[in-house]
Amino acid sequence: MTKIRLTNTKSRRKEAFEPIDPLNVRLYVCGPTVYDRAHLGNGRPVVVFDVLFRLLRHVYGERHVTYVRNFTDVDDKINAAAQARKEAGDPRSLEALIRERTDETIRWYHEDMDALGALRPTHEPRATEWIGAMIAMIGDLIAKGHAYEREGHVLFRVRSYRDYGALSGRSVDDMLAGARVEVAPFKEDPMDFVLWKPSDDGLPGWESPWGRGRPGWHIECSAMSYELLGASFDIHAGGIDLQFPHHENEIAQSCCAHPEGGFARVWMHNEMLLVDGRKMSKSLGNFFTVRDLLDQGWPGEIIRMVYLGTHYGKPMDWTAEKAEQARTTLRNWAEMVEGAVPGEVRAEVVDPLSDDLNTAGALAALNDLWKRKDAAGLLASAHLLGFDLQAIRHQPWAQPFAFEEVDGRFLREGIDYQPTLSVIGWGAVADRTRETAIAILHRWLALRHVGDFETADRLKSDAMRLGVELRAHKSPTGVAGGLAKLADRVDPAALEGLL
RNA sequence: GGCGGGUUGGCGGAGAGGUUACGCAGCGGAUUGCAAAUCCGUGAAGACCGGUUCGAUUCCGGUACCCGCCUCCA
């Protein structure tokens, strides 16, 4: 069996992965707070850990992996958005406005992550549907002396958990020295964090032994992972920015409530997405959403490939150059796979993936399969990385296109025939664009024929500027032919101006 | 201030204590009115300073710089 090795943040080492139960490998990933579109940074863990999910399914079997990713749909930013709409005159209740907003955001999230080729997790619990489990866990923590109630709040007693700070490598005393901790007067200790807080009438709330209120952020992951995966499970993952305090607090809650369990064995953290060297984040405002890129015409598969080009443990930048390279690569792969039947997933692709999810290495191995013309292996192995090359082949941006004007035949450039006069592009080409390009091609060839290279070159560079590349070649009959190669977007009106 | 991570050729980005990563770009050749495309070939690296070693870019220590967390955050 394939041996998977993963870097465990807890030990800061690469460790051999041994599932607690190979018949039910359990993975929990911290999901989004659903108040807005996911930005590109939010998409990274989704794609990275989707590859992990696929790898685990590959190794242990599809039915033997359980993947949970939550939706945080109780949050002060969500409340604020709903309150703003209510104040703007919306007659509906706050709860209704919140539910509408979170439903819509979840729908967007699914659309965008589906486009990135991410499989849906086995379970996607919403925090608001597990309030009872959270209340039960909080009650248990109070009973065990790890939490206390003050003024309608319930706080976790950080000093009661000896190992607090072990995940992120800090000590409570060191952190207090930093002293950027909010100190509410009712806290026993400045490090204590909120499990439950009171809600006034203008906020959503649930009845609890401590009055009407709402849960703190960290408790939902502890409660839902316990309910769906048990007191101990295999892997807990998320962005590195969640390591502290979110994951540290989860560990404290879960290990104190269920000391027999030990919570997650392996912790994995993906590094951040950068924009101009700075972390992409909503608070800095330097973000763009996955939807923005999709709307700009970058297919999800290309975005996915750019993500996977960098190891998850390293910071990464999004650049158009990377996306263009990914597009070229995917077109190459998709073209070769025509008519191929999937073979075995190649070991040379699984091996780097098994080595701490080295997706960049796996992509290099895929490209090697392409160069060796192993279509069956490429097709199957790319699928393990979440690329459906057969489907990509049918997408407009990846389909070679040829139009043969002289005798009206429709042939594929480079596959059936080298046409004598043709327009090629990627995807459907509008009639008007094609006809204009053909007319320019005629004129260009005529100028060359009479030896007026100066005018011909000017026409060629003008056309190039508008996204039409003119080329001459010898046709199979020995007669010079012409080819107009279209960029992804060409404005036909501007092109007509050249005639 | 505390804690953690990073620094590889023009760019992106891997593995391995000693043998070509790879991709893109570049360069040379074939071809070409010029170019493009294609094919063949090819140069180029491991922040800095020490240490361990027969040998380190790969291990260890230090320095510099960059980034993240310590407040919401993937």
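Each chain gets a letter, A, B and so on, in the order the sequences are listed, and its residues count up from 1.
By the side chain to side chain donor-acceptor pair (under 3.5 Å) test, A/Glu271 pairs with no residue at all, sequence neighbours left out. Every residue two or more places apart in sequence or in another chain that forms a side chain to side chain contact (heavy atoms under 4.5 Å, CB included) with A/Asp112 is listed here: A/Arg37, A/Val290, A/Arg291, A/Leu294. Looking at residues two or more places apart in sequence or on another chain, you find a salt bridge (charged side-chain N to carboxylate O under 4.0 Å, His left out) between A/Arg120 and A/Asp114. The side chain to side chain contact (heavy atoms under 4.5 Å, CB included) search around A/Pro121 returns A/Tyr67, A/Arg69, A/Glu124, not counting sequence neighbours. Evaluation of the side chain to side chain donor-acceptor pair (under 3.5 Å) rule for A/Asp241 yields A/Lys279 as partners, not counting sequence neighbours. Residues that satisfy the side chain to side chain contact (heavy atoms under 4.5 Å, CB included) test with A/Thr455, not counting sequence neighbours, are A/Leu447, A/Asp452, A/Arg458. Partners of A/Lys3 under the side chain to side chain donor-acceptor pair (under 3.5 Å) rule, at least two apart in sequence or in another chain, are A/Glu18. Residues satisfying the side chain to side chain contact (heavy atoms under 4.5 Å, CB included) test with A/Cys255, not counting sequence neighbours, are A/Tyr161, A/Ile251, A/Phe263.
For RNA chain B, the stems formed by at least three consecutive Watson-Crick or G-U pairs, with both atom-pair distances below 3.5 Å, span B:1-7 with B:64-70, B:10-12 with B:22-24, B:26-30 with B:38-42, B:47-51 with B:59-63.
The base of B/G33 lies close enough to the side chain of A/Asp457 for a donor and an acceptor atom to sit less than 3.5 Å apart.
Dashed line: the shortest gap from a side-chain N or O of A/Lys279 to OP1 or OP2 of B/C69 is under 4.0 Å.
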Restricting to nitrogen or oxygen on both sides, can you table the protein-nucleotides 4-10 of chain B pairs closer than 3.5 Å?
from, atom 1, to, atom 2, distance (Å)
B/U7, OP1, A/Lys314, NZ, 3.4

Using a cutoff of under 3.5 Å, can you pull out all pairs of nitrogen or oxygen atoms linking the protein to nucleotides 40-45 of chain B, with atom names and distances?
none

Please tabulate, one pair per line, each protein N/O and nucleotide N/O from nucleotides 18-22 of chain B that are separated by under 3.5 Å, including the distance.
from, atom 1, to, atom 2, distance (Å)
B/C22, O3', A/Lys371, NZ, 3.3

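At whole-Å resolution of the value, CG in A/Leu357 and P in B/A14 are 12 Å apart.
A donor-acceptor pair under 3.5 Å is formed between the side chain of A/Thr319 and the backbone N or O of A/Lys322.
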